[in-house]
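Quantities reported herein were computed from a predicted structural model and do not represent experimental measurements. Values below: all heavy atoms of this structure, side chains included; hydrogens, waters and symmetry mates excluded. Order of the sequence lines fixes the chain letters, A, B, ..., with proteins taken first and strands second; residue numbering starts at 1 for each chain.
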Amino acid sequence: MIDIRFPDGNVRQYTEGITSLDIAKSISEGLARNILSAKFNGKVQDATLPLNESGELQLLTWDDEDGKATMWHSSAHLMAEAIEHLYPGTKFGIGPDIENGFYYDMDLGDHVISSENFTEIEKKMAELAAQKQEYKRSEVSKKEALEYFSQKGDEYKLELISDLEDGQISFYQTGQFVDLCRGPHLPDTSHIKAIKLLSVAGAYWRGDESRKQLTRIYGITFPKKKLLDDYLVLLEEAKKRDHRKLGKELELFTFSSRVGQGLPLWLPKGAQLRERLENFLKKVQKEAGYEPVITPHIGAKDLYVTSGHYAKYGADSFRPITTPNEGEEFLLKPMNCPHHCEIYSSSPRSYKDLPIRYAEFGTVYRYEQSGELHGLTRVRGFTQDDAHIFCRPDQVKDEFKAVIDIVLKIFKALDFKDFITQISIRDPKNPSKYIGSDENWQKAEASIIEVAQEKGLDYIVVEGEAAFYGPKMDFMVRDAIGRKWQLGTIQVDYNLPERFNLEYVGNDNQKHRPVMIHRAPFGSMERFVAVLIEHCAGKFPLWLTPEQLIILPISEKYHGYAEKVLSYLKKYDIRGHIDFRSEKTGKKIRDAEIQRIPYMIIVGEKEENDQTVSVRKQGHGDLGSMSLENFSRLIAEEVSQADIFD
RNA sequence: GCUAUUGUAGCUCAGGGGUAGAGCACUUCCUUGGUAAGGAAGAGGUCAUGAGUUCAAAUCUCAUCAAUAGCUCCA
């Protein structure tokens, strides 16, 4: 007998060799139907694999990320099986599960697959799934594996196998389709109830552009039709929220090929929005003891040679610009830190001066490959809400904490409720990759983790993801429809103070090296605005939105009253304008709704006589009529809800 | 940067070797209206740019520029 401990702490006894699936059956029919795979002693494996020792067991269903992964990985096999039926002779590369679904890379020979073929492939997959084919695992020797695929003529699988060690190779078979795979897989194909192929694209074999381009088909599957329908609605919703589309519709920003790729042009409304965000942060930073600094857009090449960035990124940057007579070289600045270091060292510093916090909305230019550019999220010229804190080692923790407070304030003000933080620390196996004393690193890593705990943050720690100069904390938000975005970052840096020879005089009258904290709560204004647009679907919070209201006179007779209302509201710093067009009210409302103007003020005979306004809220409909005073109070309250003007 | 697709009016898009189309937006006129589209008329385009093929190119070919998707990359 073996002891199996379940996640709830229960321990039950089973005969040796029992499978997770059988255990599920012993618990309930429903669970047996829904089990996709199992996690045994921390390792995800087939539900049909016998358990030969005592251990901890978690039965995985669709509700577990690992369960979903099993489903999608098995779906990739199912797709390959269907394609082998439809296009015999297809050779297969790799077919993993991904965050949302799966893909399979394949060489179709002379065949060309386009999205027009999806329906027939989906149909075949559904047909095979319904046959309840088992995923049969078998262990094979390297020799057998090589023989099988050389007979099949699949050079991709042969290449994969030749990189594997003998004794660790397994095959999975569904129907006639045999694939090299470490698993795990579903008990059988009947779990796959809803199938959707999403896109087809080229992908180089093993990501190497010197090698053959294979056809990659992306798809997703679900255990219930309803879940697929929900997912498709989500995709539609994501399309509607695309910041590139909304940016155009709401006249926030544009691009011009004459200006150049990846160089955004902020239109008046977008610039206004961005300015409000900047002013908000400036105010918060001022309260937190930051001092604004301003530095030029270019810097001598040597500055970046000193910082070490030239060696690392110089080849992939815009080429230096040179003075006509002296041939001096300058770089468009790709970052602000070296400039700020020079400000720090412009004067001797005492330990009493620290921390010093320099903040700048610094516009930087980085050469991004043309294929990487994407709306406002990936551009070649952008503005960081940058700041560098120069402090003593004993101040790192408090400073870090204070930066977190700023990030949290921003998230709160902009309604990012769901986020996690990722703490990136050194790779313990590879200490030579990093600079700075071991002691400093330990201190910094420990402080960041402590701070995260003290702040009650939901965090994960990832080893080996730290920058070479120090550990960092990144903030990932989940937007209103569940997509993840990386925004702010806080980094501890021992490198630049060293390279720029930054010093302060301690209370021991000796020179010491300060520690630098780089931080950008928004990340970049461009990227942040893009994420914000998608998060709120263009319906910005009232304090931010370029146009807070529009006044809709019922007819020309009430234009005078409309102007009176507007000038009253403007006294309270409320932004809006009047729709003077000779359109019907229904039309004006429709246009204002589409423009996502938060409040529509309808004025006609009744309002003029009573000196009131009739208020309609975007997306909510008629709120009834109220006095101007009450309306401005309503607006003021909503603006202050963001808790930004405290 | 690589591969594929795309580029026609301000926007969304149809068309396609014989000289340009729709809807919305815009202008003017009629209409003066009560919570998501009132009516009419008008104006607006070297069909991304450059070259080639052709009697003739917006249409076919090539190059360039840009966009989109995927790959690779991101201080």
Side-chain angles (χ1 to χ4, degrees), chain A residues 98 103 105 112-115 198-218 242 244-245 248-249 251 254-263 304 307-317 331 333-338 364-375 377-380 382 384 386 467-469 472 486 489 491 493 495-496 518 520 523-524 527 552-559 581-595 600-607 614-625:
Chain A
I98 52 176
Y103 67 79
D105 284 347
V112 176
I113 282 193
S114 77
S115 52
L198 297 168
S199 62
V200 54
Y204 298 101
W205 172 231
R206 303 194 125 177
D208 182 346
E209 67 185 52
S210 67
R211 308 197 63 181
K212 185 159 177 177
Q213 195 170 45
L214 305 180
T215 302
R216 172 174 297 180
I217 299 180
Y218 287 88
D242 190 321
R244 293 167 299 181
K245 180 171 127 76
K248 191 181 272 183
E249 282 172 13
E251 297 172 349
T254 189
F255 289 90
S256 155
S257 59
R258 307 184 78 163
V259 172
Q261 266 189 308
L263 299 170
Y304 294 97
S307 75
H309 292 101
Y310 191 78
K312 203 159 178 185
Y313 297 102
D316 297 318
S317 295
L331 292 182
K333 78 172 166 189
M335 54 199 356
N336 306 299
C337 15
V364 296
Y365 300 90
R366 295 177 185 177
Y367 173 77
E368 303 286 358
Q369 297 182 36
S370 60
E372 296 317 318
L373 301 170
H374 183 92
T377 57
R378 195 81 186 270
V379 286
R380 285 177 174 170
F382 58 95
Q384 294 179 314
D386 212 356
F468 66 95
Y469 49 75
K472 61 175 180 168
Q486 193 192 314
T489 180
Q491 306 181 358
D493 183 0
N495 175 41
L496 283 188
H518 306 242
S524 89
R527 187 176 163 79
L552 312 178
I554 296 288
S555 84
E556 278 167 25
K557 281 183 241 159
Y558 313 107
H559 283 184
R581 294 176 305 165
S582 78
E583 293 289 351
K584 287 194 166 181
T585 310
K587 169 72 168 160
K588 291 182 184 177
I589 286 171
R590 179 181 153 82
D591 290 345
E593 289 274 353
I594 290 170
Q595 279 299 304
M600 284 150 270
I601 305 300
I602 293 143
V603 293
E605 188 180 0
K606 196 163 88 50
E607 288 75 15
S614 177
V615 180
R616 184 189 162 97
K617 189 168 182 176
Q618 203 272 346
H620 291 81
D622 197 356
L623 298 186
S625 60

Pairwise distance NE2(A:H374) to CD(A:E368) - rounded to 0.5 angstrom:
13.0 Å
B:G34 base to A:E607 side chain: any donor-acceptor pair below 3.5 Å?
yes
For atom CD of A:E583 and atom C1' of B:A37, their distance in whole Å:
9 Å
State the dot-bracket string of RNA chain B. Criteria: Watson-Crick or G-U wobble, both atom distances under 3.5 angstrom; notation: ( ) intrastrand, [ ] crossing earlier pairs, | interstrand, . unpaired.
(((((((..((((....[..)))).(((((.......))))).....(((((..]....))))))))))))....
Nearest-Å distance, CD1 (A:I601) to P (B:G34)?
19 Å
B:U28 to B:A4 separation - P atoms, rounded to the nearest Å
50 Å
Report which part of the nucleic acid A:Q261 touches: base, sugar-phosphate, or nothing (heavy-atom distance under 4.0 Å, all strands).
sugar-phosphate
Interatomic distance where NZ belongs to A:K606 and P belongs to B:U32 [whole Å]
22 Å
Nearest-angstrom distance, P atom, B:G15 to B:A22:
15 Å
Could you tell me how far apart A:F255 (CZ) and B:U68 (C1') are, to the nearest whole angstrom?
14 Å
Residue-phosphate contact under 4.0 Å: A:S370 side-chain N/O, B:G1 OP1/OP2
yes
What interatomic distance, in whole Å, is found between P of B:A41 and the corresponding atom of B:C55?
44 Å
B:A9 and B:A20, which share atom name C1', separated by this distance in whole Å:
10 Å
Consider side chain to side chain contact (heavy atoms under 4.5 Å, CB included). Of A:R581, A:E583, A:M600, which one does A:D591 pass it with?
A:R581
May I ask you to decide if A:A201's main-chain N or O and A:R216's side chain share a donor-acceptor pair within less than 3.5 Å?
no
Can we say A:E593 and A:R616 salt-bridge, meaning some charged N sits less than 4.0 Å from an Asp/Glu carboxylate O?
yes
Is the phosphate of B:U32, meaning OP1 or OP2, less than 4.0 Å from a side-chain N or O of A:K588?
no
Got a second to check how far A:Q618's CD is from A:I589's CD1, nearest 0.5 Å?
12.0 Å
5' precedence on RNA chain B between A:I589 and A:S555 (nearest-nucleotide basis)
A:S555
Identify the heavy atoms of A:H518 and A:C337 that sit nearest to each other, and give their distance.
CE1-SG, 3.6 Å
Quick check on RNA chain B: between A:G624 and A:K557, whose nearest nucleotide comes earlier from the 5' end?
A:K557
Whole angstrom value for the distance that separates P of B:U35 from CD of A:Q595:
22 Å
Working to the nearest 0.5 angstrom, can you tell me the gap between A:I554 CD1 and A:K588 NZ?
8.0 Å
What interatomic distance, in whole Å, is found between P of B:G44 and the corresponding atom of B:U27?
15 Å
Touch check for A:S256, heavy atoms < 4.0 angstrom, all strands: base, sugar-phosphate only, or nothing?
nothing
Looking only at atom C1', what distance separates B:U35 and B:G21, rounded to whole Å?
36 Å
What nucleic acid atoms does A:E249 come within less than 4.0 Å of, heavy atoms only: base, sugar-phosphate, or nothing?
nothing
Between CD1 of A:I594 and C1' of B:U12 the distance, given in whole Å, is 13 Å
Any A:K587 side-chain N or O less than 4.0 Å from OP1/OP2 of B:G33
no
Could you tell me the separation between the CD1 atom of A:I602 and the CG atom of A:D622, rounded to the nearest 0.5 Å?
6.5 Å
Can you measure A:R590 atom CZ to B:A37 atom C1' for me and round it to whole angstrom units?
5 Å
Give a yes or no on whether the backbone of A:Y367 and the side-chain of A:R380 come within a donor-acceptor separation of less than 3.5 Å.
no
With rounding to the nearest 0.5 angstrom, report the OG to NZ distance, A:S614 to A:K606.
6.5 Å
Base, sugar-phosphate alone, or nothing: which one does A:S257 contact when heavy atoms must sit under 4.0 Å apart?
sugar-phosphate
Between B:G42 and B:A25 - C1' atom distance, rounded Å
14 Å
Nearest to side-chain heavy atoms of A:R581, which nucleotide of B:C26, B:A67, B:G34
B:C26
Can you name the closest pair of heavy atoms from A:Y558 and A:V603 and give their distance?
CB-O, 3.9 Å
In 5'-to-3' order, the base (B), backbone-only (S) or no-contact (-) status of each nucleotide in nucleotides 69-75 of chain B, using a 4.0 angstrom heavy-atom cut-off, is SSBBBBB
Interatomic distance where CZ belongs to A:R258 and P belongs to B:A48 [whole Å]:
15 Å
Taking only the P atom of each, what is the distance from B:C11 to B:A67 in whole angstrom?
15 Å
